[in-house]
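So you know, we letter chains A, B, ... as the sequences are listed, proteins then strands, and number each from 1. Just so it is clear, the structure is predicted and the values come from calculations on it, not from any experiment.
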Amino acid sequence: MKGPLTVDLALHDFGAAEPAILRIVSLWQDIDWFEPPTQPSAIGHAHLLGHQHLGHRHAPEHFAARIDVEHRHGGWPEFVALCHRVRQPGAFDWKLGPLKSLLGAHDRRCQFSLSAAAPRYLREGVEFDYRHLLIMPCNGSFVWGYLCPTLDLERLGDAVAESARFYLSYAQGDALDAIQWQLAEPGSPVDSNPFLPLLHGYASGYYPFALSETQFVLFHFTPPSTPVCETP
Amino acid sequence: MPQPHDEVPPAEIRRCFALSRRDQAIVSLARCKLLGGRPDFAQALHALSEAVAERIPAGRIFYLGQTEHGPIVGSLISGVGIVQGEQAIELVQALRERPLRRLGRLCP
């Protein structure tokens with residue numbers, strides 16, 4: 001499933017970080033969501049380990065040196081069940097826990113404030129339009145634009161669409177984290193960005209769910225079963 | 001008088017059943033920062049931004065949509081946010097593909 005983005009990066013000037021950000025957004029835009037993998041499971045596994053390795057290098061207190069990865073596959077019922085599992089009250093909060101801590105610590109290490117920097121990311125003469133901007137400065141504050149692709153999730157039914165939207169929203173957080181990482185450290189090579197392997201993982205059709213700091217499920221969708229042809 | 005770091009939000013926020021505990025804490029903190037004032041949208045956004053930053057490391061506020069009075073900004077996950085109303089800043093829930101739900105004024 002693919003769809004267009006409403007954000008228009010041409011309205012921004014990200015300076016030295018621009019090539020890296022264009023690469024991140026291009027990768028994000030090309031993801032074919034909720035489809036069977038395009039790569040063998042070893043590739044999806046390697047992307048998750050790559051992310052964990054970079055996270056451990058930057059924030060060993062939040063990212064274990066070794067993790068257990070259980071591979072699972074199935075259709076929407078299995079995917080929705082995993083979404084429900086990680087959303088239960090008291091469940092491990094990967095995205096708002098270790099991932100946010102990693103980004104926050106990097107901002108502090110780089111002495112970077114997005115609130116302070118946001119006004120200079122608007123290209124000169126651009127008409128201020130909330131619908132198409134990625135980062136909108138506003139009197140010392142700022143607001144993020146919506147980077148999720150426009151997908152026809154409604155056709156999946158309410159329950160499935162709700163879980164798909166949940167997953168997509170959190171995955172979008174990874175893309176924005178990757179962008180913010182480059183803004184904080186414009187000269188750093190994008191391949192050392194710990195959020196980039198997560199986007200590569202989605203692009204290859206593997207969807208991580210963190211059950212704890214060391215336990216992960218890596219899910220992929222199975223292709224629809226081929227109808228069996230009966231011999232006359 | 002509520003203090004900026006009160007863990008328990010005021011009763012009228014706790015009764016607002018659309019809010020998760022995290023949203024309750026953030027809205028409560030934003031209100032404390034605005035106490036005694038009648039904020040404009042920029043002031044309300046600033047208070048909300050500070051509250052999010054204090055409650056969630058590297059937390060974010062998103063553009064959620066538009067009304068005739070201006071942009072709706074808030075949490076992408078819960079859809080809870082603020083918008084300029086006819087007379088004051090309103091608390092709303094804006095989830096995609098659903099009608100806007102009004103939850104009352106940000107500052108009563």
Side-chain angles (χ1 to χ4, degrees), chain A residues 6-7 59 62 87 89 93 95-108 112-115 118 128-148 150-154 158 161-162 165-173 176-177 179-181 184, chain B residues 18-26 29-30 33-34 37 39-84 89 92-99 106:
Chain A
T6 53
V7 159
H62 293 298
R87 296 172 78 182
D93 198 337
K95 303 280 174 163
L96 295 186
L99 297 187
K100 286 288 187 193
S101 298
L102 174 64
L103 186 68
H106 184 251
D107 280 356
R108 287 191 295 278
F112 175 71
S113 161
L114 192 45
S115 300
F128 197 88
D129 185 340
Y130 274 89
R131 289 167 302 174
H132 301 300
L133 290 172
L134 180 61
I135 298 169
M136 290 155 270
C138 181
N139 287 17
S141 310
F142 70 98
V143 174
W144 282 94
Y146 189 68
L147 194 61
C148 284
T150 307
L151 303 180
D152 180 18
L153 297 174
E154 296 312 296
D158 282 352
E162 204 274 332
R165 266 196 295 274
F166 155 76
Y167 199 91
L168 202 54
S169 295
Y170 272 89
Q172 177 196 230
L176 298 181
D177 289 347
I179 289 168
Q180 189 167 328
W181 186 277
Chain B
L19 300 190
S20 66
R21 288 187 70 82
R22 181 181 284 132
D23 285 334
Q24 285 180 21
I26 289 169
L29 183 53
K33 290 174 182 292
L34 293 166
D40 60 22
F41 184 76
Q43 291 168 324
L45 173 58
H46 195 75
L48 190 63
S49 300
E50 285 188 351
V52 167
E54 287 176 34
R55 292 292 176 190
I56 305 172
R60 294 199 169 101
I61 295 181
F62 287 89
Y63 169 66
L64 302 176
Q66 194 81 20
T67 72
E68 68 273 27
H69 297 298
I72 308 164
V73 300
S75 163
L76 191 63
I77 304 299
S78 66
V80 172
I82 57 170
V83 65
Q84 176 67 57
I89 305 299
V92 294
Q93 188 174 34
L95 291 168
R96 293 200 167 234
E97 291 94 30
R98 291 194 196 161
L106 175 64

Can you establish whether the number of heavy atoms outside A/D152 located under 6.0 Å from its atom CG is more than 12?
yes
The interface call for A/D158 against chain B, heavy-atom contacts under 4.5 Å, is neither
Mind listing the closest non-hydrogen atom pair of A/S141 and B/H46 along with its distance?
OG-ND1, 3.0 Å
Please name the pair of heavy atoms, one in A/L176 and one in B/F62, separated by the smallest distance, quoted to 0.1 Å.
CD1-CE2, 3.3 Å
Highest number of heavy-atom pairs under 4.5 Å with chain B: which of A/M136, A/R165, A/E154, A/Q180?
A/E154
Can you find a side-chain donor-acceptor pair between B/R60 and A/Q172 that sits under 3.5 Å?
no
Residue selection (most heavy-atom pairs with chain A, distance under 4.5 Å) from B/S49, B/A42, B/P71:
B/P71
Non-hydrogen atoms of chain A under 4.5 Å away: do they reach the side chain of B/I77, the backbone, both or neither?
side chain
Please identify, among A/S169, A/G104, A/A105, the residue contributing the most non-hydrogen atom pairs under 4.5 Å to chain B.
A/S169
Min side-chain heavy-atom separation A/L133-B/Y63 under 4.5 Å
no
Under 4.5 Å to a heavy atom of chain B? For A/R131 that would be both
